[in-house]
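Below: one structure, written as structure tokens.
In what follows, every heavy atom counts, from backbone to side chain, and hydrogens, waters and symmetry copies are set aside. In this chain, numbering begins with 1 at the start of the sequence shown. Treat the numbers as computed from the prediction; the structure is a model and nothing was measured.
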Amino acid sequence: MTPEDQGGRASTPGRVELTHVLPLSAERAFALVADVRTHPRWVPLSRGVFHGPEGSPVPATAWRPGVGAEFTMVSGPFAPQGAPGFPDRMRITRWEPPGDEGQAGRATYLKLGPALLGEAGIVVVPLAGHHLPATTPHEPVARCAVTWWEDVYLAGPLPRAVTAPFAARVLDLMIRLSLHRLDTMVARG
């Protein structure tokens, strides 16, 4: 990752970053990973609440990701069923889908609280298709590298230096489990 991919910030002690290869085109992977409307399908114990221009909830079908769009991911044991949970409100500050000529796709999310502050991001880099076995001879297989990073800390009276390493440990486990579930979902088609 370059400093540009990290939102222009140097790495911090509480930062977590994982890169994972998916057997998908960069365009398909970006649509699946950067568009948070899909997250409840593969991020465990989560649901999304999407906010319109005035901050009021709007249906997921009416919400569009892009710079300035806001949403809240709610996590908890019964959050997918609509029960209260841990709210993570965010605003998209960067939205650049992968380009036609092999450019990486990038999305950055600013954490707005009430519990988590900081930034998170997704970078999707297309990879050459000839490195994976094809289903038929001479058939290229699309694949890409997805990097998911989080640089967050808990809001409140304790300093960032104290809460960021704790948040990073929890997020590292959540990202690993989520990417495993994403693999399973992609394998099933």
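Side chains of Trp149 and Ile175 form no contact here, defined as non-hydrogen atoms less than 4.5 Å apart. No side-chain heavy atom of Val36 sits under 4.5 Å from any side-chain heavy atom of Pro65. Taking 4.5 Å as the limit, every side-chain heavy atom of Pro80 sits out of range of all side-chain heavy atoms of Pro40. Annotation: side chain of Phe30 is not in contact with side chain of Leu24 (no heavy-atom distance under 4.5 Å). Side-chain contact between Glu70 and Leu110: absent, with no pair of heavy atoms (C-beta onward) separated by less than 4.5 Å.
Scanning both residues, Ala145 and Thr19, for their nearest heavy atoms gives CB-CG2, 4.1 Å. Shown here for Val123 and Ala104, the closest heavy-atom pair between the two residues is CG1-CB, 4.4 Å. In terms of heavy-atom proximity, Arg41 sits nearest to Leu32 at NH1-CD1, 4.2 Å. Contact between Ile92 and Gly66 at its shortest, heavy atoms only, is CB-O, 3.3 Å. In plain terms, the two heavy atoms of Ala69 and Trp63 that are nearest each other are CB-CZ2, 3.6 Å.
Under the 3.5 Å distance criterion, the side-chain polar atoms of Ser178 are matched with a main-chain donor or acceptor of Met174. Remark: side-chain polar atoms of Arg47 are paired, donor with acceptor, to backbone N or O of Ala83 under 3.5 angstrom.
With rounding to the nearest 0.5 Å, the separation of CD in Gln81 from CG in Leu45 is 8.5 Å. How far OG1 of Thr93 is from CD of Glu119: 5.5 Å, rounded to the nearest 0.5 Å. We find the NE2-SG distance between His20 and Cys144 to be 9.5 Å, quoted to the nearest 0.5 Å. Put simply, CG on Leu117 and OG1 on Thr163 are 8.5 Å apart, with the number rounded to the nearest 0.5 Å. Here the straight-line distance linking atom CD of Glu150 with atom CG of Leu18 works out to 10.0 Å at 0.5 Å rounding. The CH2 atom of Trp42 lies 10.5 Å from the CG atom of Asp183; values are rounded to the nearest 0.5 Å.
Neither Phe86 nor Leu173 shares a network with the other; the hydrophobic side chains, linked directly or stepwise wherever heavy atoms of I, L, V, M, F, W or Y lie under 4.5 Å apart, form separate groups for each. Transitive grouping of hydrophobic side chains (ILVMFWY, heavy atoms separated by less than 4.5 Å) keeps Val21 and Leu177 in distinct clusters. Cluster annotation: Val74 is not connected to Val58 through the hydrophobic network of ILVMFWY side chains, with a link wherever side-chain heavy atoms come within less than 4.5 Å. Tracing side-chain contacts under 4.5 Å through hydrophobic residues (I, L, V, M, F, W, Y), one never reaches Val152 starting from Val162; they form parts of separate clusters. Put simply, Val186 and Val124 are part of the same group of oily side chains (I, L, V, M, F, W, Y) that touch within less than 4.5 Å, one to the next.
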Worksheet item: Stepwise, does the side-chain contact (heavy atoms from CB on, under 4.5 Å) test hold for Leu116 with Leu154?
Response: CA-CA 5 Å; Leu116 291 177; Leu154 297 176; 3.6 Å; yes
Fill in: Stepwise side-chain contact (heavy atoms from CB on, under 4.5 Å) check, Tyr109 with Ile122
CA-CA 9 Å; Tyr109 313 91; Ile122 299 288; 4.0 Å; yes
Item to complete: For side-chain contact (heavy atoms from CB on, under 4.5 Å), just list the numbers for His180 and Thr184, CA-CA rounded to whole Å, side-chain angles, deciding distance to a tenth of an Å, and then say yes or no.
Response: CA-CA 6 Å; His180 175 74; Thr184 303; 4.2 Å; yes
Discussion item. One pair to check against side-chain contact (heavy atoms from CB on, under 4.5 Å): Trp148 and Leu171. What are the steps and the verdict?
Written reply: CA-CA 10 Å; Trp148 179 349; Leu171 288 168; over 6 Å; no
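Around atom CZ of Phe166, no more than 12 heavy atoms belonging to other residues, nucleotides or ligands sit under 6.0 Å away. By the 6.0 Å contact criterion, CZ on Arg28 is open, its count of non-hydrogen atoms from other residues, nucleotides or ligands being 12 or less. Counting heavy-atom neighbours within 6.0 Å of Arg181 CZ, excluding the residue itself, gives a total above 12.
With respect to Arg89, the side-chain contact (heavy atoms from CB on, under 4.5 Å) criterion is satisfied by exactly one of Met73, Lys111, His51: His51.
Listed by chain and residue number, nothing satisfies the ring pair (Phe, Tyr, Trp, His ring centres under 6.0 Å) test with Tyr153 (two or more places apart in sequence, or in another chain).
Between Phe71 and Phe50, the ring-plane angle classifies as tilted under the 30° and 60° cut-offs.
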